[in-house]
There are 2 protein chains.
Amino acid sequence: MPDPTNPTADSSPDLLPLEQAKAQFVQLWGATSANWGINRTMAQMHALLLVSAEALSTEDLMAQLQISRGNASMTVRELLDWGLVYKALKPGERREYFVAEKDMLQVTRCIIRERKRRELDAMKRSLDQLAALPGDPTEPGYREFHRVLGDIQQLADSADTVLTGVMKAEKNWLIDKFLRMFT
Amino acid sequence: MPDPTNPTADSSPDLLPLEQAKAQFVQLWGATSANWGINRTMAQMHALLLVSAEALSTEDLMAQLQISRGNASMTVRELLDWGLVYKALKPGERREYFVAEKDMLQVTRCIIRERKRRELDAMKRSLDQLAALPGDPTEPGYREFHRVLGDIQQLADSADTVLTGVMKAEKNWLIDKFLRMFT
DNA sequence: CACAAGTTTCAATAATTATTGAAACTTGTG
DNA sequence: CACAAGTTTCAATAATTATTGAAACTTGTG
């Protein structure tokens with residue numbers, strides 16, 4: 001139900017240019033996340049906190065993203081779990097505030113750590129199990145199947161090595177190395 | 001509606017061990033894909049073709065994955081688009097058969113190429129647009145916002161450099177380099 | 001310990017995304 | 001060019017995933 005009087009629309013003329021730019025960034029980040037198996041609200045909230053100069057409360061997040069209290073609560077907790085956002089308690093205030101980790105290298109590390117743990121590590125375990133299944137080496141497709149499996153395991157190992165390396169990387173180390181490698 | 005007489009269940013005793021292992025691999029690949037914004041059928045079909053010694057027809061794919069003709073047709077076309085699967089026409093046969101690209105380095109390249117094009121390149125364009133928006137540098141959050149934006153652009157550039165490098169990499173080059181880098 | 005302020009949980013529901021299957025289309029062959 | 005074999009399209013529907021919002025819970029304070 002589009003409401004032309006609703007002042008939260010993107011191109012609303014009563015937003016400051018900076019606020020408009022921020023809103024666009026939040027939208028962009030949310031849209032991008034769809035391709036990566038991350039839910040839109042989480043990506044938008046992360047984006048919003050990234051470009052906020054001050055800490056935001058659950059109320060602020062609800063208002064700015066137009067989401068329910070439940071959604072805001074669960075999503076903020078998930079961001080805390082990932083290590084992408086910290087609690088910022090204001091002295092004398094009951095209400096909790098949140099700030100994003102702003103160092104993008106640190107952000108990258110958090111994301112790699114979580115996704116590696118949830119996906120790559122899990123997949124490697126499954127592949128190992130699969131490769132260990134008994135089978136008859138004289139069966140026609142046996143050799144083919146185990147070759148493909150081995151190749152995938154090798155690939156997973158390479159990915160693991162690279163991701164672990166990136167996580168350990170110091171600031172600038174990464175870019176230096178890669179530039180040297182690829183140029 | 002589970003049907004205990006249905007012989008397509010994973011652990012069916014009338015499947016050869018190898019067939020069971022293949023089926024498990026197809027399942028694993030399909031489940032993993034959920035985290036990556038790739039639909040399950042596409043991942044399962046790719047997995048099935050990867051571990052098939054022979055070319056498979058649309059009929060074969062429908063039967064083995066228990067999917068409709070429409071789904072099979074659209075998914076196989078998508079795999080062709082990505083360059084992950086080739087047509088294999090059998091002389092004297094009307095029906096089309098399909099084989100997967102089996103070189104995993106080549107597979108990696110295809111996937112990187114497509115995802116980079118669809119996501120990273122698109123995102124970089126949006127970020128550039130966003131950074132070019134006019135704004136008042138004296139506004140309180142202006143500096144903060146543009147710093148974050150710049151950091152993200154830098155990160156995107158690094159990712160671009162790395163991915164482009166991987167795409168150009170020769171066989172073994174990649175693993176050699178990475179092992180040298182990270183060990 | 002009663003209460004107010006705030007947070008979390010989770011069943012119901014909405015929104016989104018994937019799949020079906022029948023009709024339309026294409027293509028090769030007698 | 002009629003027909004059979006096969007393929008593609010796409011509106012309807014099913015399955016999945018995200019969100020709401022009210023009730024239950026927690027926590028700090030007078």
Side-chain angles (χ1 to χ4, degrees), chain A residues 1-3 8 26-27 29-49 55-82 85-98 118-119, chain B residues 1-2 8 26-27 29-48 55-82 85-98 118-119:
Chain A
M1 50 186 106
D3 172 8
T8 62
V26 170
Q27 284 310 112
W29 219 237
T32 301
S33 74
N35 304 121
W36 287 93
I38 286 168
N39 95 16
R40 212 173 76 255
T41 302
M42 181 167 162
Q44 287 184 336
M45 190 180 286
H46 186 217
L48 181 57
L49 286 165
L56 300 179
S57 68
T58 305
E59 299 286 340
D60 297 330
L61 294 169
M62 284 167 62
Q64 296 209 40
L65 298 175
Q66 297 279 295
I67 57 175
S68 70
R69 185 172 300 284
N71 194 0
S73 166
M74 294 191 75
T75 303
V76 95
R77 170 207 259 271
E78 209 172 345
L79 286 170
L80 289 167
D81 276 355
W82 280 63
V85 160
Y86 310 114
K87 281 190 187 179
L89 296 173
K90 295 197 180 178
E93 280 223 53
R94 178 79 176 275
R95 179 173 293 183
E96 292 180 324
Y97 288 79
F98 305 95
R118 288 165 200 229
E119 291 149 40
Chain B
M1 51 184 107
T8 63
V26 169
Q27 286 309 111
W29 220 236
T32 302
S33 74
N35 304 120
W36 288 92
I38 287 168
N39 95 14
R40 212 173 76 250
T41 302
M42 183 168 162
Q44 288 184 334
M45 190 179 284
H46 186 216
L48 181 57
L56 300 178
S57 67
T58 305
E59 300 286 340
D60 297 330
L61 294 169
M62 286 167 60
Q64 296 208 40
L65 299 175
Q66 297 279 297
I67 58 174
S68 70
R69 185 173 300 284
N71 193 0
S73 166
M74 295 191 75
T75 303
V76 93
R77 170 207 257 273
E78 208 173 345
L79 286 170
L80 288 167
D81 276 354
W82 280 63
V85 160
Y86 310 114
K87 282 190 186 178
L89 296 172
K90 294 195 179 178
E93 278 222 56
R94 177 77 177 276
R95 179 174 293 182
E96 293 179 325
Y97 287 79
F98 305 96
R118 287 166 201 228
E119 291 149 42

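Below, read A as the first sequence line, B as the second, and so on, with proteins coming before strands; counting in each chain starts at 1. It should be emphasised that the depicted structure is a prediction, and the values quoted were computed from it without experimental measurement.
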Where each residue is assigned the nucleotide of DNA chain C containing its nearest heavy atom, which of A:Arg40 and A:Arg95 is assigned the position nearer the 5′ end? A:Arg95

Rounded distance in Å - CG (A:Leu61) to P (C:dG6): 15 Å

Using whole Å, what does the distance between atom C1' of nucleotide D:dT17 and atom CG of B:Asn39 come to? 15 Å

I need the single residue from B:Asn71, B:Thr75, B:Thr41, B:Leu56 that forms a side chain to side chain contact (heavy atoms under 4.5 Å, CB included) with B:Leu61. Which is it? B:Leu56

For a quick check, with a 4.0 angstrom heavy-atom cut-off, what is the B/S/- contact string for nucleotides 21-30 of chain D, read 5' to 3'? B-----B---

Measuring from the side chain of A:Thr41 (C-beta onward, heavy atoms only), which nucleotide among C:dT8, D:dT9, D:dT19 has the closest atom? D:dT19

Correct closest heavy-atom pair for B:Leu80 and B:Lys87 would be CD2-N, 3.9 Å

Would you name the heavy atoms of B:Ala43 and B:Gly30 that are closest together and state the gap between them? CB-CA, 4.0 Å

Rounding to a whole Å, what distance do you find between A:Met42:CE and D:dA18:C1'? 14 Å

For A:Phe98 and C:dT8, give me the distance from atom CZ to atom C1', rounded to whole Å. 12 Å

Whole angstroms only, please: what is the CD1-P distance between A:Ile38 and D:dT19? 13 Å

Using atom types as modelled and distance alone, determine if a side-chain donor or acceptor of B:Asp60 lies under 3.5 Å from a backbone N or O of B:Ser57. yes

List the steps and the verdict of salt bridge (charged side-chain N to carboxylate O under 4.0 Å, His left out) for B:Glu59 and B:Arg69. CA-CA 8 Å; B:Glu59 300 286 340; B:Arg69 185 173 300 284; 2.9 Å; yes

Heavy-atom nearest pair, A:Ala72 first then A:Met62, reads CB-CG, 3.7 Å

Separation of B:Lys90 atom NZ from D:dG6 atom P, in whole Å? 13 Å

Wobble G-U and Watson-Crick pairs count when both distances are under 3.5 Å; given that, what is the 5' to 3' dot-bracket string of DNA chain D, with | for pairing to other strands? ||||||||||||||||||||||||||||||

May I ask you to evaluate whether B:Thr58 reaches the phosphate of D:dG6, defined as a side-chain N or O under 4.0 Å from OP1 or OP2? no

For D:dT8 and B:Ser73 - does any side-chain N or O of the residue sit under 4.0 Å from the phosphate oxygens OP1/OP2? yes

Nearest-angstrom distance from the residue atom OH of A:Tyr97 to C1' of C:dT7: 15 Å

Rounded to whole Å, how long is the line connecting atom CD of B:Glu78 with atom C1' of C:dT17? 13 Å

